[in-house]
Amino acid sequence: MANILIIDDEKSIRKTLTEILSYEGYKVDEAADGLEGFKMFQAKPYDAVLCDIKMPKMDGLEFLEKAREVNPDIPIVMVSGHGNIDTAVDAVKKGAYDYISKPPDLNRLLITLRNAMDKTTLVTETKTLRRKVNKVPDMIGQSTPILKIKETIDKVAPTDARVLITGENGVGKELVARWLHERSNRAAGPMVEVNCAAIPSELIESELFGHEKGSFTSAVKQRIGKFEQASGGTLFLDEIGDMSLSAQAKVLRALQEGKITRVGGDKEINVDVRVVAATNKDLLQEVEEKNFRLDLYHRLSVILIHVPSLNDRRDDVPLLVDSFLDAVCIEYGITRKVLDKDAMKALQGHNWTGNIRELRNVVERLIILSGKTITVEDVDDFVVPNRDKKKVSS
């Protein structure tokens, strides 16, 4: 049974619409003004909203803007007796699904509602299919550190606690973040990733918070930042230790108040995000060197998860190699190759400075360059770079 919210200051209109929609099998809630309607919209999930425009306390267009910030996927149909073409166009531009004049044509109203909810269903199904297609890879390993991480994820994921993930490059910090999102109550929402090290310091604020048209020379149109894009889901701030101090101050404010302001704008925008951060740096050392804010560190590190290097979990190497053998051979459409025992032992003993990322590349290289069976000679020939061999021989 679909839930419909009717927001209108005319009691007779609310009563008429409620009777009609209830007869059609909908479950209906009523609000007498925009402010009451917005509070109900925040507190309960609805399948569609019918909203008047001229109302006390908060008019329909203001409700529309605020509701779109909370959940842009719920269709809102504006119903008004005071409108004109300009009002209708303005409402649709601001995100309304449709506009219906009073007194409403009941057949058109029912068809509009049905189409609006069909659209919602399609959006939901599309998100579900995308999640299935982009299924998060398994966290492979049975070593004590990995089992502890899995246990921590199971405990922490259902909460909204912020998490700081630490570890060397290539250990799988992003995978931990993805599992935190996948097992959270926000899994149906977006997971938005930001690589703080890859964005120039002068652009990081625009990337995170967005900007208004004309706020700087190249701002030819409005941009929605990552905080807004991630609203209702998870924002993953990778390499947070490389963020500039000015951006850190704004991130701290966003975490404290749940609000952001676009670059060049003066309007505060509510955002509902769970922040997961990751770094390969010692942030407390960065704090001592005045490169990172201590207050932001404490905001981010409610839960700390350290991902060990591959050299600290060598028992997991055979499991990882088997998984990569399957994945790469399927990707290339070739018969699965096997690794002999001596080759596996050699891989376990290798110094994995690039961690899991390096291991995956090595397995792919061995599959391409070796025969049906990968031998210890193949490992010796293709894994250790020539310059390293020269160092060893000397």
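- Taking the charged nitrogens against the carboxylate oxygens, Glu182 and Arg178 have no contact shorter than 4.0 Å, which rules out a salt bridge.
- By the 4.0 Å N-to-carboxylate-O rule, Glu212 lies too far from Arg223 to be salt-bridged with it.
- Across every non-hydrogen atom of Gly167 and Lys173, the tightest pair is O-NZ, 3.1 Å.
- In terms of the salt bridge (Lys or Arg N to Asp or Glu O under 4.0 Å) criterion, Asp340 has no residue partners (sequence neighbours excluded).
- Every residue meeting the salt bridge (Lys or Arg N to Asp or Glu O under 4.0 Å) condition with Arg336, not counting sequence neighbours, appears here in chain and number order: Asp322, Asp326.
- With values rounded to the nearest 0.5 angstrom, Met139 atom CE is found 4.5 Å from Leu175 atom CG.
- By the criterion of side-chain heavy atoms lying less than 4.5 angstrom apart, applied directly or through intervening Ile, Leu, Val, Met, Phe, Trp or Tyr residues, Ile7 is not grouped with Leu17; the two fall into different hydrophobic clusters.
- Looking at heavy atoms from C-beta onward, Ser184 lies in side-chain contact with Arg274 at the 4.5 angstrom threshold.
- Residues passing the side chain to side chain contact (heavy atoms under 4.5 Å, CB included) test with Pro145, sequence neighbours excluded: Ser143, Pro308.
- A salt bridge does not link Asp9 to Arg14: none of the charged nitrogens lies less than 4.0 Å from a carboxylate oxygen.
- Legend: ring-ring contact (aromatic ring centres under 6.0 Å, His included) pairs involving residues 182-214, not counting sequence neighbours, sorted by first then second residue: Phe209-Phe227, His211-Phe216.
- For the pair Asp52 and Ile13, the minimum side-chain heavy-atom distance is 4.5 Å or more.
- Sorted by first and then second residue, the pairs that involve residues 24-80 and meet ring-ring contact (aromatic ring centres under 6.0 Å, His included), not counting sequence neighbours, are Phe41-Phe63.
- At a threshold of 4.5 Å between non-hydrogen side-chain atoms, the residues Ile6 and Val28 count as touching.
- Each ring-ring contact (aromatic ring centres under 6.0 Å, His included) pair with one or both residues in residues 235-276, not counting sequence neighbours, would appear here, but there are none.
- Side-chain contact annotation: Asn115 with Thr112, donor-acceptor N/O pair under 3.5 Å absent.
- Scored by the side chain to side chain contact (heavy atoms under 4.5 Å, CB included) test, Asn351 finds Asn311, Thr353 as partners (sequence neighbours excluded).
- A donor atom on one side chain and an acceptor atom on the other are not found under 3.5 Å apart for Asn195 and Asp238.
- In terms of heavy atoms, Asp315 sits closest to Pro318 at O-CD, 3.4 Å.
- Side-chain N/O atoms of Asn280 and Glu168 include no donor and acceptor closer than 3.5 Å.
- The side-chain heavy atoms of Lys341 and Lys345, taken from C-beta on, include no pair separated by under 4.5 Å.
- Contact annotation: the side chain of Ile4 never approaches that of Asp29 to less than 4.5 Å [non-hydrogen atoms, C-beta and beyond].
- Residues satisfying the salt bridge (Lys or Arg N to Asp or Glu O under 4.0 Å) criterion with Lys281, sequence neighbours excluded, are Asp242.
- A distance of 5.0 Å separates CG of Leu339 from CD1 of Ile374, quoted to the nearest 0.5 Å.
- For the residue pair Leu283 and Gly241, the shortest heavy atom distance occurs at CD2-CA, 3.8 Å.
- Ile140 and Met344 fall within the same hydrophobic cluster, where Ile, Leu, Val, Met, Phe, Trp and Tyr residues are linked whenever their side-chain heavy atoms come under 4.5 Å apart, directly or through other members.
- Taking Asp59 as the reference, nothing meets the side chain to side chain donor-acceptor pair (under 3.5 Å) condition, with sequence neighbours excluded.
- Across Met117 and Ala48, no two heavy atoms sit closer than the pair CG-CB, 4.2 Å.
- Leu359 places a side-chain heavy atom less than 4.5 Å from the side chain of Leu310.
- Listed by first and then second residue, the ring-ring contact (aromatic ring centres under 6.0 Å, His included) pairs involving residues 291-344 amount to none (not counting sequence neighbours).
- Taking 4.5 Å as the limit, some side-chain heavy atom of Ile334 sits within range of a side-chain heavy atom of Ile367.
- Closest of all the heavy-atom pairs between Leu164 and Ala278 is CD1-N, 4.3 Å.
- Here Ala327 pairs with nothing under the side chain to side chain contact (heavy atoms under 4.5 Å, CB included) rule; sequence neighbours left out.
- Across Lys337 and Leu366, no two heavy atoms sit closer than the pair NZ-O, 4.5 Å.
- Proximity of a side-chain donor or acceptor of Ser301 to a complementary backbone N or O of Ile303 within less than 3.5 Å is not detected.
- Glu239 meets the salt bridge (Lys or Arg N to Asp or Glu O under 4.0 Å) test with no other residue; sequence neighbours excluded.
- Cluster membership for Val163 and Leu304, using ILVMFWY side-chain heavy atoms within less than 4.5 angstrom, is not shared.
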